[in-house]
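The next block holds one structure in the form of structure tokens; read it before the comments.
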Number of protein chains: 2
Amino acid sequence: MTVRLDETDRKILLQLQQDAAQSLDDIARKVGSSKTPVWNRIRKMKEAGIIGAQVALLDAESLGFDACFFVLIRTSEHEADWQAAFLKALKDRPEVQEAHRLAGDIDYILKVRVRNARAYDAFYQALISEVKVHNVTALLSMEQIKSTTALPL
Amino acid sequence: MTVRLDETDRKILLQLQQDAAQSLDDIARKVGSSKTPVWNRIRKMKEAGIIGAQVALLDAESLGFDACFFVLIRTSEHEADWQAAFLKALKDRPEVQEAHRLAGDIDYILKVRVRNARAYDAFYQALISEVKVHNVTALLSMEQIKSTTALPL
DNA sequence: ACTGAAATCTTTGAAAG
DNA sequence: CTTTCAAAGATTTCAGT
């Protein structure tokens with residue numbers, strides 16, 4: 001599953017993760033190539049799973065999503081059953097934008113995007129009623145300083 | 001800058017944040033309308049800033065970005081000068097994918113995507129040499145359980 | 001692998017119900 | 001506000017280098 005990427009591939013990826021709506025012609029010009037080779041490279045990288053979904057990023061604030069929480073979770077349960085239930089709960093809840101299992105003291109971190117603090121509380125109550133967690137700390141974002149989906153290629 | 005959205009607008013946004021590469025025809029069919037009205041609604045929502053960039057999401061692992069850290073930062077400095085320098089440092093570093101200013105005890109949280117632990121250390125050393133921070137805790141992700149850019153519309 | 005061009009499909013905007 | 005239609009433009013495929 002490892003594909004060797006050259007400089008041109010990398011330039012194409014840089015363009016696509018910046019603006020995937022631009023035309024092949026524009027990308028080809030910017031990376032110093034032409035349509036067909038660029039198209040073939042993109043196709044290969046899609047097949048290899050390097051390029052995933054193409055999505056529109058929406059503005060959270062103008063849609064009324066004013067609250068963003070980072071949730072630090074400690075649990076005493078580490079059995080397979082518990083973990084499966086916890087994972088399912090996270091995947092099923094659309095307000096959970098990110099979830100990571102961590103090394104060390106804290107077991108999980110979530111990024112939760114909701115309309116307001118009340119909606120967070122509803123989420124939190126629903127979560128702890130579904131799965132037992134030992135300790136939960138919520139960090140409230142006051143200001144999103146930076147947000148990018150781009151990898152530092 | 002507040003635009004009233006109806007059910008159709010919401011359905012269009014759901015489609016676009018899931019797959020922005022599909023054709024207008026497909027979106028129109030899925031939301032129960034036809035091309036031109038859908039196109040006009042998308043144009044208006046772009047003008048209103050509700051719909052932002054359209055990007056390709058790349059697979060971090062297949063590109064060799066195996067390490068993801070959440071960094072909790074406490075600082076004793078809260079002056080405008082310090083804050084401006086800190087913000088600039090974060091915006092300039094491509095490995096910082098997210099940065100939030102927090103309410104409470106911890107002042108900032110960062111999401112940092114790097115190739116490996118050594119690259120994180122390099123980032124960390126560069127950051128603390130640029131700006132003074134009081135206390136830094138790094139949480140290492142072992143496993144990304146969920147990741148979406150979609151808002152829970 | 002790249003080029004150029006043909007066929008197909010999409011987007012865009014005008015006109016009209 | 002929606003539908004239809006036509007021109008402009010983009011994507012995709014293919015033969016030739």
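The figures that follow rest on heavy atoms only: side chains count, while hydrogens, waters and symmetry mates do not. Lettering follows sequence order; numbering is per chain, from 1.
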Atom pair NZ/CG of A/Lys44 and A/Leu5 - distance to nearest 0.5 Å: 11.5 Å
Short side-chain to backbone donor-acceptor contact, [X] and [Y], under 3.5 Å:
| X | Y | value |
| --- | --- | --- |
| B/Arg113 | A/Ala150 | no |
| B/Asn40 | B/Thr36 | yes |
| A/Trp82 | A/Val133 | no |
| B/Gln17 | B/Leu151 | yes |

D/dT3 OP1/OP2 closer than 4.0 Å to side-chain N/O of B/Ser34: yes
Sugar-phosphate, base or nothing in reach of B/Arg41, heavy atoms under 4.0 Å: sugar-phosphate
Contact interval (first through last nucleotide) of DNA chain C with protein chain B, 4.0 Å heavy-atom: C/dT10 to C/dA14
Whole-Å distance separating the NZ atom of A/Lys35 from the C1' atom of D/dT13: 12 Å
Interatomic distance, A/Arg43 CZ vs D/dA10 C1' [rounded to whole Å]: 18 Å
Canonical and wobble pairing (Watson-Crick, G-U, under 3.5 Å) of DNA chain D, dot-bracket with |: |||||||||||||||||
Nearest atoms (heavy-atom pairs only) where B/Ala89 meets B/Leu127: CB-CD1, 4.2 Å
Check: A/Gln97/B/Lys146 side-chain N/O donor and acceptor closer than 3.5 Å: no
Neighbour count >12 (heavy atoms, 6.0 Å) for atom CD, A/Gln144: yes
DNA chain C contacts among residues 12-31 of chain A, heavy-atom distance under 4.0 Å: none
Min side-chain heavy-atom separation A/Leu16-A/Met45 under 4.5 Å: no
Ring center gap for B/Tyr108 and B/His100 short of 6.0 angstrom: no
